[in-house]
Novice: 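Below are the structure tokens for one structure; questions will follow.
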Amino acid sequence: LSRLKRGLAKSSAKLSDGITGIFTKRRLDAASLEELEELLIAADLGPSVAAKLAESLRKRRFEKDIAPEAVRGALAEDIAQILKPVAKSLTLDPAHRPHVVLVVGVNGSGKTTTIGKLAHYWTGQGKKVWLAAGDTFRAAAIEQLQIWGERTRTPVVAGASGADSAGLAFEALEKAKAANADLLLIDTAGRLHNKANLMAELAKIARVLKKLDPAAPQDCLLVLDATTGQNAIAQVETFRQIVPLTGLVVTKLDGTARGGIVVALAERFGLPVVAVGVGEGADDLRPFEAEAFAQSLVE
Ligand code: GDP
């Protein structure tokens, strides 16, 4: 069993059992399709995706006997089509060093952990990675990033708790440039309750980075906690007004039956999903592949 499939076990159990419940010895008719639509909504795929998927099934097989396996297969195909345009991994331009990634998201969404996992992945690819502890507001976040730095043998630029995050990001880019690093991952604070402050802080980080590299940050990734379900939609809405997002990372899929949120996010925003988190370990950040994800979700 792949790590992804295991990570999505709660979500797939909910959908798979639900489909079995609806379609065992049933026809694909208006009543069963309505139940399916409700199941998809309950599994966080959202009303718009649920309606589209039900409509696609209706067109294909209306008024025919259908086995649960066939419903799962058809859904997996249709979901993969929705996910395909957003399945884009992070790519580093070798001509441009370092590639700077600003990692944003509300506190507890999994930013620091995701940065540690990305550092693990990219150092494994032979890349020179630097980290910046830009969540200067919380001492615990700084410590946690330093632990990931040790674990992945990655230099961490950190200041004292309460230090100016933009100054720290500037210093980190200066050092990463001097070290000829391939990738600089910058952690940020996620105090969304003070949106104006957060906006000013992130804008200032982007501004000072541009003094050293007009193209930085090359990526701005929003980390979303899948266990928050539909709330993830609101977080994208908010953050994309604050910073120009280039991609999403959805974490904690292992702890929830709400994995369908990834499909809702894909359909709604079309933003690349660069990776998904299925556990706390270094290897638990998985590449996002449309077909594998769709199959793991419903089968
Ligand atoms: P931050 O405040 O956004 O930096 O969030 P953290 O990286 O500190 O993560 C918050 C908690 O979620 C920590 O206990 C992490 O170990 C945990 N976490 C992060 N990603 C995942 C994941 O994919 N799966 C699980 N089960 N836990 C995760």
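The analysis underlying the following values was restricted to heavy atoms, covering all of them including side chains, and did not include hydrogens, waters or symmetry mates. Everything numeric here is computed off the predicted structure, so don't read it as measured data. Whatever order the structure lists them in is the order used to number ligands and atoms, beginning at 1. One is the number of the first residue; the rest follow in order along the sequence.
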Novice: Name the closest protein heavy atom to atom 4 (O) of ligand 1, giving the residue it belongs to and the distance to 0.1 Å.
Specialist: T112 OG1, 2.6 Å
Novice: I'd like to check the side chain to side chain donor-acceptor pair (under 3.5 Å) partners of K210; sequence neighbours left out, ordered by chain and number.
Specialist: none
Novice: Report yes or no: does V106 have a heavy atom closer than 4.0 Å to ligand 1?
Specialist: yes
Novice: Please say whether the positively charged group of R240, taken as NZ for Lys or CZ for Arg, lies over the ring of F269, i.e. under 6.0 angstrom from the six-membered ring centre and within 45 degrees of the axis.
Specialist: no
Novice: Of V273, L83, V298, I79, which meets side-chain contact (heavy atoms from CB on, under 4.5 Å) against F293?
Specialist: L83
Novice: In terms of residue, atom name and distance, what is the protein heavy atom nearest to atom 5 (O) of ligand 1?
Specialist: G110 N, 3.0 Å
Novice: Quick check for you: to the nearest 0.5 Å, what is the distance between L145 atom CG and I147 atom CD1?
Specialist: 9.5 Å
Novice: Do me a favour and list the nearest non-hydrogen protein atom to atom 18 (N) of ligand 1 with residue, atom name and distance?
Specialist: K252 CE, 3.9 Å
Novice: Who are the ring pair (Phe, Tyr, Trp, His ring centres under 6.0 Å) partners of F239, not counting sequence neighbours?
Specialist: none
Novice: Identify which one of T91, D213, D93, D219 satisfies the side chain to side chain donor-acceptor pair (under 3.5 Å) criterion when paired with H99.
Specialist: D219
Novice: Which bit of T114 is near ligand 1, meaning a heavy atom under 4.0 Å away: side chain, backbone, both or neither?
Specialist: neither
Novice: So is G190 close enough to ligand 1, meaning a heavy atom under 4.0 angstrom away?
Specialist: no
Novice: How about D135 and T188: does a side-chain donor come under 3.5 Å of a side-chain acceptor?
Specialist: no
Novice: Could you grab the distance from atom OG1 of T123 to atom NE2 of H120, nearest 0.5 Å is fine?
Specialist: 6.5 Å
Novice: Nearest protein heavy-atom contact for atom 8 (O) of ligand 1: which residue, which atom, what distance?
Specialist: Q144 OE1, 3.1 Å
Novice: Ligand 1 versus D254, non-hydrogen atoms closer than 4.0 Å: side chain, backbone, both, neither?
Specialist: side chain
Novice: Under 4.0 Å, heavy atoms only, figure out whether ligand 1 is touched by the backbone of L285, its side chain, both or neither.
Specialist: neither
Novice: Are any side-chain N or O atoms of T154 and backbone N or O atoms of T152, one a donor and one an acceptor, separated by less than 3.5 Å?
Specialist: yes
Novice: In Å and rounded to the nearest 0.5 Å, what is the CD to CG distance from Q218 to L184?
Specialist: 9.5 Å
Novice: State whether D187 and K111 are salt-bridged, where the test is any N-O pair (Lys NZ or Arg NE/NH1/NH2 against Asp/Glu carboxylate O) under 4.0 Å.
Specialist: no
Novice: I'd like to know whether ligand 1 has N107 as a neighbour, heavy-atom separation below 4.0 Å.
Specialist: yes
Novice: Which part of R138 is near ligand 1, with near meaning a heavy atom under 4.0 Å away: side chain, backbone, both or neither?
Specialist: side chain
Novice: Of all the non-hydrogen atoms in the protein, which one sits nearest to atom 3 (O) of ligand 1, and at what distance?
Specialist: K111 N, 2.8 Å
Novice: Nearest protein heavy atom to atom 22 (C) of ligand 1, by residue and atom, and its distance?
Specialist: G279 O, 3.2 Å
Novice: For ligand 1, which is the ligand I care about here, please tell me if L253 has any N or O atom under 3.5 Å from one of the ligand's N or O atoms.
Specialist: no
Novice: List the closest protein heavy-atom neighbour of atom 10 (C) of ligand 1: residue, atom name, distance to the nearest 0.1 Å.
Specialist: G108 O, 3.7 Å
Novice: Is G255 in contact with ligand 1, taking contact as a heavy-atom separation below 4.0 Å?
Specialist: no
Novice: Find all atoms of ligand 1 within a distance of less than 4.0 Å from any non-hydrogen atom belonging to G277, and give their numbers and elements.
Specialist: 23 (O)
Novice: Would you mind running through ligand 1 and noting each atom that sits below 4.0 Å from a heavy atom of V278?
Specialist: 23 (O)
Novice: May I ask you to identify the nearest protein heavy atom to atom 16 (O) of ligand 1, giving residue, atom name and distance to one decimal place in Å?
Specialist: E280 OE2, 2.5 Å
Novice: Starting at CD1 of I41, measure out to CG of L53 and round the result to the nearest 0.5 Å.
Specialist: 10.5 Å
